[in-house]
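FYI, side chains are in, hydrogens and waters are out, and symmetry mates aren't considered; it's all heavy atoms of this structure. Per chain, numbering begins at 1; letters A, B, ... match sequence-line order.
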Amino acid sequence: MGDSKPERLIDENGRRIDGRRPDELRPIKIEVGVLDKSDGSAYVEFGGTRVFAAVFGPREAHPKHLALPDRAILNCRYHMTSFSVEERKPLGMTRREVELSKVIREALETVTFLEEFPRASIDVYIEVIQADGGTRTTGLTAASLALADAGIPMADLIAAVAVGKVDGQLVLDLCDVEDKYGEADMPVAMAPRFNSIVLLQLNGRLTPSEFKKGLALAQKGISEIYKLQQEALKKRFSTSKPLEV
Amino acid sequence: MGDSKPERLIDENGRRIDGRRPDELRPIKIEVGVLDKSDGSAYVEFGGTRVFAAVFGPREAHPKHLALPDRAILNCRYHMTSFSVEERKPLGMTRREVELSKVIREALETVTFLEEFPRASIDVYIEVIQADGGTRTTGLTAASLALADAGIPMADLIAAVAVGKVDGQLVLDLCDVEDKYGEADMPVAMAPRFNSIVLLQLNGRLTPSEFKKGLALAQKGISEIYKLQQEALKKRFSTSKPLEV
Amino acid sequence: MGDSKPERLIDENGRRIDGRRPDELRPIKIEVGVLDKSDGSAYVEFGGTRVFAAVFGPREAHPKHLALPDRAILNCRYHMTSFSVEERKPLGMTRREVELSKVIREALETVTFLEEFPRASIDVYIEVIQADGGTRTTGLTAASLALADAGIPMADLIAAVAVGKVDGQLVLDLCDVEDKYGEADMPVAMAPRFNSIVLLQLNGRLTPSEFKKGLALAQKGISEIYKLQQEALKKRFSTSKPLEV
Amino acid sequence: MFLTSKKDLTARIMRDKIYNLLLQDKRIDGRHPKSLRSITIQTDLIAKADGSALVTMGGTKILTGIKVEVGSPFSDRPDEGIFTVNAELLPLASTSFEPGPPDERGVELARVVDRSLREGKALDLKKLCLVEGEKVYVLFIDIYVLDYDGNYFDPALISALAALATLKIPKYEVVNGEVKKTGETFRLELTSLPFTVMMGILGEKFLVDPQIEEEKVLDVSLIIGTDEKGNIVSIQKNTSGPIPVNLLDTILDTAVEKTEEIRKKFLQEVPVKLAAEGEAAEK
Amino acid sequence: MFLTSKKDLTARIMRDKIYNLLLQDKRIDGRHPKSLRSITIQTDLIAKADGSALVTMGGTKILTGIKVEVGSPFSDRPDEGIFTVNAELLPLASTSFEPGPPDERGVELARVVDRSLREGKALDLKKLCLVEGEKVYVLFIDIYVLDYDGNYFDPALISALAALATLKIPKYEVVNGEVKKTGETFRLELTSLPFTVMMGILGEKFLVDPQIEEEKVLDVSLIIGTDEKGNIVSIQKNTSGPIPVNLLDTILDTAVEKTEEIRKKFLQEVPVKLAAEGEAAEK
Amino acid sequence: MFLTSKKDLTARIMRDKIYNLLLQDKRIDGRHPKSLRSITIQTDLIAKADGSALVTMGGTKILTGIKVEVGSPFSDRPDEGIFTVNAELLPLASTSFEPGPPDERGVELARVVDRSLREGKALDLKKLCLVEGEKVYVLFIDIYVLDYDGNYFDPALISALAALATLKIPKYEVVNGEVKKTGETFRLELTSLPFTVMMGILGEKFLVDPQIEEEKVLDVSLIIGTDEKGNIVSIQKNTSGPIPVNLLDTILDTAVEKTEEIRKKFLQEVPVKLAAEGEAAEK
């Protein structure tokens, strides 16, 4: 699986390797409140990418000398299981996981009213159980739902998706093979109510005009995801059936 | 040494590889108060297994945020020197040492009046200098003596020994070769006054009836060890000559 | 470079591999106040050995439980860049760096009025960017200047140099090849005003009489270095032009 | 503690409540003292793993995945494959778990599962040899606790066995001493099905499979593993506290009975391929 | 934060000052919002490194050295050499850096430089292969921040490229599958010159290459890398805070312009050997 | 400190007491300033080690064991075996030692013992080569401080040398470039017997082999190693404080004298096999 580059990533009908159109999201599944022992949680699937997120807090910051007098600390750990990827990931945090934990945390900080909880900490844990492209955007989408589920006040939800360039064409919501053999991968996360970007990275090569088109494509995907998030939250607060993965 | 499996572990006369009968302990040597700089210490040999234990405390828990308001913390580190075993043990704590530190600590906690020392810590260090089977039970036997030597109030001493199954037969106080090539190794530690088990593990395969017989065998060994412990403590408090290993 | 032992390290005219006489220092360059963001700093070159030192503090000790009620803590880290040596040095602190950090710190503690800053810490960072022999003595020479630049009160500056034995002859200020293929390397640091040795190590083999001659040779070098240090400090306090490495 | 004292007031009240229920053969979640929580098992849910299983036991949820690699055998067992077990108590599962390398509880969990598989002879490691002394299969069995509502031991072993039972091992051919993937996979036969059950003791009473509120007030607990023939294959006393010797007989009988119940459930849910009797008997 | 609020009073005052200057196209150090700080580049200053460069950008000072070793290629790229980027934020550079292994900022810096070099196609890794599938050059690009006065990203990439441009790679001959140093060295051709520029946003205004006082009060910042053809080759939003979508067009145009300015400066200062156009175009 | 000030009151009182005794050539444990504590040496007490020794020097107790393995030589010394020295200051030895990886004191101890053995030319490493450039003996010399009553340096080196002197090295035969254990062992000849003595300075006086109470109040201390010919083979100033230059001559003379005393004791107690003079002289 994924061992060698497919001859073409987009066929003569403009269909992608998994049959999608360029501007089409993968099937998305969202459930909120899936883990009992955390204060808030969510499970999100974007195709083969599967992620749990859980939130603990606000609670007293620990150790105490890390507490801030005027706001809560937001900690975030993005982590993958060893078997979520093609080659077994070593135990412990890789440099990639350290970096992604940072940019995800910064995105979450942007929309969270941390000033309401001086001296507290809010801890966000993201666990990728299967990685098929877009794990950071899926993780961030899940994390913002888990924060909402925990009742942490936020200015907006965060919806996130990657856009990319594959066989010269801009596509929405890259899967793993497209990420690996494509020309660019650009994860984008937004606070849609504010039309603000809260996470942005580019790994690859785009012309400025491709960048602009790619961003528009991401915005389209984000508005779809945002709707699904709101539906999932509504469902959460009307019922609470157990999760089936 | 120990490189290949002996043809038989019990001979036609029912004697074990080192000449013992199945229900016979190895020669045991116990000395209490052998290390000057600790608050209590003991040295115990079970045949080729040689262990030091030392206790520090009760003393102020450090760092302070670990202190408990209603009782002392009991810390325990079971550690082996690199040359105590056949293949050089890497420096640092192996997973085995981490696990054994935990079960030994839990055994010690069971009999120690930790409630008498709020906010304090009691630190128990066990150092295996030669391993020939039964290091955890020997270490625990030594640690409870070191606690007594340090004047820490306890409901009872702990006496411990492993039983096992070798060539289909239950035997007391396994040596290394018996452990390695035998069918089961079951370390047992008790607080004899209470007829209570404070450590119990099984690594191997026993029928329920073998388990019961094995436990009875362990109890027999434990009552012998308990006597030796009491004698060693008496000797400690009447004299204090230097140790010869 | 430095791959194999030169046939001789001192030629028929008594000249060393780099043309120096046995009692001659390498060209020394000293600049004080070279790094903007620290409270004090210095850059020192002894031939190919190039070292930055920076000082932070006195500042509140952190974490607080490390603070001492009657004096400042002096922390010191001696560190080399990965490319400063022949074979790439692994990232992180080697055992050699740990040891040298200790002896350098002890030398600095000897002359610093730590009692004037209870509960504070003073942090000294030494970074070797190129190593060509004598990195600890060059680092210490730089660190004492950085402390002076930071306005930390000291009983004296520390001047330091290594002496060694090469092809049977005592020489001053070893370079890398002399250190590697010579018979002895003896780093010496002094507080010249007190005629006191504040760092002393020997790695190699000297007769007692060679030791005494070597020490005298070191003292000669140290008095030259001490002058250069004082000049550099004067220059620092009259001007402040940017550094060119 | 001195033997069974638990001084904290809230814990005391909860302990009394649980103990008083036990005296009437009842529990806070309505179970009988000897009833297990309900178990669900899903396998093959992680496509990137060679085997995987998500197991819930009441509110405790555990995901295990297995990756297969090729490596060198241990020198004293040149004709046997290798497996290693790791366990991570993920911080999203409980406020009592911290991020970072496995603490002593994670290490203990991994080692108890490892011992139960090994001494319970679940696998025939000789079937995992490719070239004697040179190349063998290495199975990385990685256990993640996703939600912790008490007793992670039993579901962890169930998930490890379910992942093993459904494991698809890449086939290799040996060409001039080198190994090459053929692209096909094969299933591993299990030679035995050891399961554990966690036992909690409170006063002179005991219960099986404690949930978290019970775990917090038990005098002591232990995990007992048995195989399908009723052999005991692993024991781990895993908390401080005394086990009264006179309770052990009943506890052991119950362990054999309850692990058999787990085994039946497992065989219903998981398409396990068991080795023929004759083979399984050897070692 | 909730989007752009910064509650600390001192920070607020400094923010207002910097913002008010920005409204007049001014900055606290006298620069125009779109002016870079002055850049100096020294190469070949560490004789023990195979390549090295000390770069200052205003008060930020960065030393990069490269060591070349011979190692095995990655199995999926048997004909390509390898490079790795490490970055250490040395504690002597700033009170905000701690001794110890790289924290998340050091990791981020290394990864942003790595991505910019890799996606900017600065190197032709196939030129770093010695024996396909067996032996390739491995370049260790190690970045040390010596003095930190804001924006370590741009000078770090400049110093990495300057060290690469002046790198002297030991030549090896292949004798019976073994490699042996010949004692000679060769220079690496660069196939592209990607540079980054850090952009800071404050309200509806933005500035380039923030110094430290500016960094502390920005609403948000991002680093944009481009190559000589005006392609965007890397982006990293590196702080919390919102990027208004409508500012991005102008920011991108400015990034292309300012990286071109850095490129010119670089070409003046560093004796870079560029691959012929044709070659550089491939991948 | 500023040179020799020690401000703590209790330390001051103890210092004065020890200093006043020194002025009368006396010490708190009744020794003369130039008297060593009594030394005991037991060897061969760890059967699983290839060599071992337990050494006490007064109340300080140190256990050293050596394991021998076969490994690859360093590329610049293809015909020499390897030894490494590790030291652990076990927490059971002193309240001032913590569990965990060696701190700077443990590292220093290991490195001082290592340097004393290496520069003191205790071993002929060429005798530890099996196949040049391929296989050599690797000796792991691991030192554990069991009880710490001051000065762990001197007994650590004694125990390392006693373990080396009684080391039983497994013999290997070389068959087609592969090495195989023959089951026999051989003894290592020592080529020299370097010992150290720790010197403590207080005011203008000094003493040898300080015990713990003395260590705490000394102005400064240093460890001096010498070989049997009176060469100085290692020096380590190991605490903060000044060494007055004018004291060094007498200190050195005493060091030579006291290490010779240790050497005599060692030769009485340990069945050491010394290389013939001629051989020992080479390097």
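Note: E:D147 leads E:D149, E:D147, E:L90 in heavy-atom pairs under 4.5 Å with chain C. Between chain E and the residues C:V55, C:L35, C:D36, the largest count of heavy-atom pairs under 4.5 Å involves C:L35. No other option in C:R77, C:H79, C:Q130 has as many heavy-atom pairs under 4.5 Å with chain E as C:Q130. Interface summary for chain C: among E:P99, E:G59, E:P102, E:G100, the most heavy-atom pairs under 4.5 angstrom belong to E:P99. Residue with the most contacts toward chain C among E:A93, E:P101, E:G65: E:G65 (heavy-atom pairs, distance under 4.5 Å). Heavy-atom pairs under 4.5 Å with chain C were tallied for E:N86, E:T40, E:L92; the largest tally goes to E:L92.
E:Q236 and E:R115 share a donor-acceptor pair across their side chains, judged by distance under 3.5 Å alone. Counting only N and O atoms by type, the side chains of E:D154 and E:T196 include a donor and acceptor under 3.5 Å apart. Side-chain contact annotation: C:E97 with C:T94, donor-acceptor N/O pair under 3.5 Å present.
Only the backbone of E:Y148 comes within less than 4.5 Å of a heavy atom of chain C; no side-chain atom from C-beta onward does. Using a 4.5 Å cut-off between heavy atoms, C:D123 does not touch chain E at all. For a residue to count as touching a neighbouring chain, one of its non-hydrogen atoms must lie under 4.5 Å from one of that chain's; by this rule C:S84 touches chain E with the backbone only. Only the backbone of E:T64 has a heavy atom closer than 4.5 Å to any heavy atom of chain C. If you measure heavy-atom distances from C:A146 to chain E, you find no contacts under 4.5 Å at all.
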List the steps, then state whether ring-ring contact (aromatic ring centres under 6.0 Å, His included) holds for C:F83 with E:Y144. CA-CA 11 Å; C:F83 45 76; E:Y144 292 88; 5.5 Å; yes
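C:F46 does not carry C:R26 over the face of its six-membered ring by the limits of under 6.0 Å from the centre and within 45° of the normal. Stacking of C:R59 on the aromatic ring of C:F117 is not recorded, the 6.0 Å distance cut-off and the 45° axial limit not both being met.
The structure places CG of C:L100 at 10.5 Å from CG of C:L140, a figure rounded to the nearest 0.5 Å. If you take CZ on C:R50 and OG1 on C:T138, they are separated by 12.0 Å, rounding to the nearest 0.5 Å.
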